[in-house]
J.: 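The structure that follows is given in the form of structure tokens.
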Number of protein chains: 2
Amino acid sequence: MAERAGVSQSTVSRALAGSEVITEATRARVLRAAEEIGYFVDERAARLRRGSTGTLAVVVICRPGESAADINPFSYMLLGSVCLAASERGFETLVSFQAREEQFFGHYEERGWADGLVVIGTTTNRAAWDYFRGLEKAERRVVYWGSPFDDLEWVRSDNRAAGRLAVEHLLAQGYRAPCFLGAIDSPQHQFAERYEGYCDAMRAAGLEPCLVPTRDGATREEEGAAAVEAWLDQGGGADAIFAACDAMALGALEALKQRGVAVPGEVGVAGFDDLPAARFAQPTLTTIAPDPAAAGSLLVDALFNAGDDAPLRRVPVSLTVRGSTAR
Amino acid sequence: MAERAGVSQSTVSRALAGSEVITEATRARVLRAAEEIGYFVDERAARLRRGSTGTLAVVVICRPGESAADINPFSYMLLGSVCLAASERGFETLVSFQAREEQFFGHYEERGWADGLVVIGTTTNRAAWDYFRGLEKAERRVVYWGSPFDDLEWVRSDNRAAGRLAVEHLLAQGYRAPCFLGAIDSPQHQFAERYEGYCDAMRAAGLEPCLVPTRDGATREEEGAAAVEAWLDQGGGADAIFAACDAMALGALEALKQRGVAVPGEVGVAGFDDLPAARFAQPTLTTIAPDPAAAGSLLVDALFNAGDDAPLRRVPVSLTVRGSTAR
DNA sequence: CTGAAAGCGCTTACAG
DNA sequence: CTGAAAGCGCTTACAG
């Protein structure tokens, strides 16, 4: 390649890297030669020499046994937005889905594969969290979505605001006794935060918070459906449900329909996530939507600004009103 | 590291690479030392020396302006299944989403970033296909999902079988005149294949095929809805619809509901894709489901078996019966 | 079975 | 502004 352009290896490198110091004429000659012989810089060598990788690893934690079709659509959206945000900042993204204990892996930095690691964990997988928490000690660049641990570098939705938004909307629609559907002691910390926001708004309105607890099930939808059935069996009592996530809300909708409870007439339902499915539920599901694009940007920024005084770690949320609360 | 274990660099390399030739005692010593100092092989250097990358690039083609939340859920599933399949075969995956002309990029092999490239394009993006088709000449390892070009190395759903399955199911449910909703002259070749399967089964049953054509719209759902409205305006005539994809079927459902046409009573509706949303549509949507896991495996295998006599390139499909055809 | 040496393809001080 | 030289951290013939 250097021969072809009639210059030295150093000059080729500088010309292609866009160094200021090179004559425009020389650069043009080098670019033409590169075009002619289809030359591209070998990034393995460049990075080995340079020391950095220009790549960011993103790990999506799944439940064991999950296949591509079972993975939470919101995880996919997060993955997409992280890749997009990384790309905007000039980084490539190495992605891997990890479910079983034998395959947990986070040593991308040590191996020279990536400059940092984004871990996306929306589902419960305790073993994975234990593994990744162990890594942290090594003083590396890692940032987490959905971390159950507050001492890790995390980015999350503004869950408290979400809880408040939901309650305020429900009350504005004329519902008088919204309850919260979810598990607040779940390792999924975000649910507890949504519950806190819910409680804030309830108390601000002079109302008593009310919790309809869910229990672990095969899927979030089943958890939601089971909890609603148990609640109805005990006589119900609330006239609206704010579910900790859309999947549970969808399950709740299912259960209410089966029991002949009219939505939104008798009971209003709102969720969180804005899954694609929310738009097609019957009735369509009112939900609090996190901003996936903002999430990707914040995660990538947090990765490289770790240790900052006041890193921006809360992804804004917004209310999407649909049929399930329209009365 | 070599010092620490008291052996040469060569021996460390061989021990860690699992070379047969190394004494178990030596290997143990090396492994212990590696553990102690937290040593990991630098893959940049290893691959530079070895010549390969152990990585596979996957490019998801999007529509310009699409954000992470807008991307087709099926594309995400395909992405997931490709990553999973690659991982099973010991490959890392480098993923990128590409929408605009300036960012098209496929030179992962030349740059030493990947040993091969999987391109996932389910949406219409002519410029992207032109770009990637241009690459092909360079005699490289690329395999395509959703390619409009038959001369590229492709993997697709068994679309003809899908068309047949849909018609056979519709007839078995007592529908007498199923039509096909979609664009058969679309660059999206797969739609035409589904139409062919539809025609095969119609003729086999002694029926005349009938096409309800769609036209490009902002989203597939809008395309489906608009086509159904136009069709109703012209007097309809069919008693069942097999839509070229779920998004269109969902749009059709929407339009039928708005016009007061009962589904599945007056008109049956079936789609293709098995989007998560299909389970939550009202009524729930009968659909032909491709097998995303199989798709990932086939794509990865095709990548490394290119040029084989009879590469397996058709992903099996299956019928998922739901409410929209249940009469 | 293990070690010394070469070299993968770059980038970057160091000279000129 | 450009070139010659060193070296990034590995793997792998080649000896022994």
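Each chain gets a letter, A, B and so on, in the order the sequences are listed, and its residues count up from 1. Since the structure is predicted, the reported quantities are computational estimates derived from the model, not experimental observations.
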J.: Is the NZ or CZ atom of B:R133 positioned over B:W129's six-membered ring, under 6.0 angstrom from the centre and within 45° of the axis?
T.: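 Verdict for B:W129: no cation-pi partner in B:R133.
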J.: How long is the line joining CH2 of A:W113 and P of D:dC8, in whole Å?
T.: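 The distance from CH2 of A:W113 to P of D:dC8 comes to 22 Å, rounded to the nearest Å.
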J.: Would you say the base of D:dC10 and the side-chain of B:E43 have a donor-acceptor pair closer than 3.5 Å?
T.: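 No such pair is found, so the answer is no.
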J.: C:dT2, C:dG9, C:dC8: which one has an atom nearest the side-chain heavy atoms of B:I22?
T.: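 Out of C:dT2, C:dG9, C:dC8, the nucleotide with an atom closest to B:I22's side chain is C:dT2.
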J.: Could you please name the partner base of D:dA15, counting Watson-Crick and G-U wobble pairs only when both distances are under 3.5 Å?
T.: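 WC or wobble partner is C:dT2.
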J.: Does A:T11 reach a base, just sugar-phosphate, or nothing at all? Heavy atoms under 4.0 Å.
T.: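 Sugar-phosphate contact only - A:T11 comes under 4.0 Å of backbone atoms but never of a base.
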J.: Of B:L48 and B:T26, whose nearest nucleotide on DNA chain C comes first from the 5' end?
T.: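 Counting from the 5' end, the first nearest nucleotide belongs to B:T26.
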J.: Could you state the CG-P distance from A:D42 to C:dG7, rounded to the nearest angstrom?
T.: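 It works out to 18 Å between those atoms.
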J.: Are side-chain heavy atoms of B:D291 and B:V317 found at a separation under 4.5 Å?
T.: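 Not in contact.
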J.: When the nearest nucleotide of DNA chain C is assigned to A:A17 and to B:R50 on a heavy-atom basis, which residue is associated with the more 5' position?
T.: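 With A:A17 and B:R50 compared, the 5'-side residue is B:R50.
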J.: Without decimals, in angstroms, what is the distance between B:Q9 CD and D:dT11 P?
T.: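 B:Q9 atom CD is separated from D:dT11 atom P by 9 Å.
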J.: Over how many whole Å does the gap from B:L16 atom CG to D:dC10 atom P extend?
T.: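 From B:L16 CG to D:dC10 P: 9 Å.
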J.: Testing B:L117, B:I120, B:V119 for side chain to side chain contact (heavy atoms under 4.5 Å, CB included) with B:Y144, which one passes?
T.: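 Considering B:L117, B:I120, B:V119, a side chain to side chain contact (heavy atoms under 4.5 Å, CB included) with B:Y144 is found only for B:V119.
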J.: From C:dC8, D:dA6, D:dG3, pick the nucleotide closest to the side chain of A:V7?
T.: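 For the A:V7 side chain, the nearest candidate turns out to be D:dG3.
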J.: Give one of base, sugar-phosphate or nothing for B:T23, where a contact means two heavy atoms less than 4.0 Å apart.
T.: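 It contacts sugar-phosphate atoms only.
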J.: Look at all strands and tell whether A:S10 reaches a base, only sugar-phosphate, or nothing, counting heavy atoms closer than 4.0 Å.
T.: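 Base: the residue A:S10, judged by heavy atoms under 4.0 Å, touches a nucleobase.
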J.: Regarding C:dG9, can its base be found pairing with the side chain of B:R47 as donor and acceptor, where the two atoms are less than 3.5 Å apart?
T.: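 No pair found.
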J.: Please give, in whole Å, the distance from D:dG9 P to A:R49 CZ?
T.: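 These atoms are roughly 10 Å apart.
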J.: Over how many whole Å does the gap from A:E20 atom CD to D:dT2 atom P extend?
T.: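 The answer, rounded to whole Å, is 13 Å.
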J.: Please name the pair of heavy atoms, one in B:A99 and one in B:N125, separated by the smallest distance, quoted to 0.1 Å.
T.: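 Nearest heavy atoms, B:A99 then B:N125: O-ND2, 3.2 Å.
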J.: Kindly assign one of parallel, tilted or perpendicular to the pair B:F105 and B:W113, based on the angle between their ring planes and the thresholds 30° and 60°.
T.: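 B:F105 and B:W113: perpendicular rings.
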J.: May I ask you to verify whether the side chain of B:R14 and the base of C:dG3 hold a donor-acceptor pair under 3.5 Å?
T.: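 In this structure, the two groups form a donor-acceptor pair.
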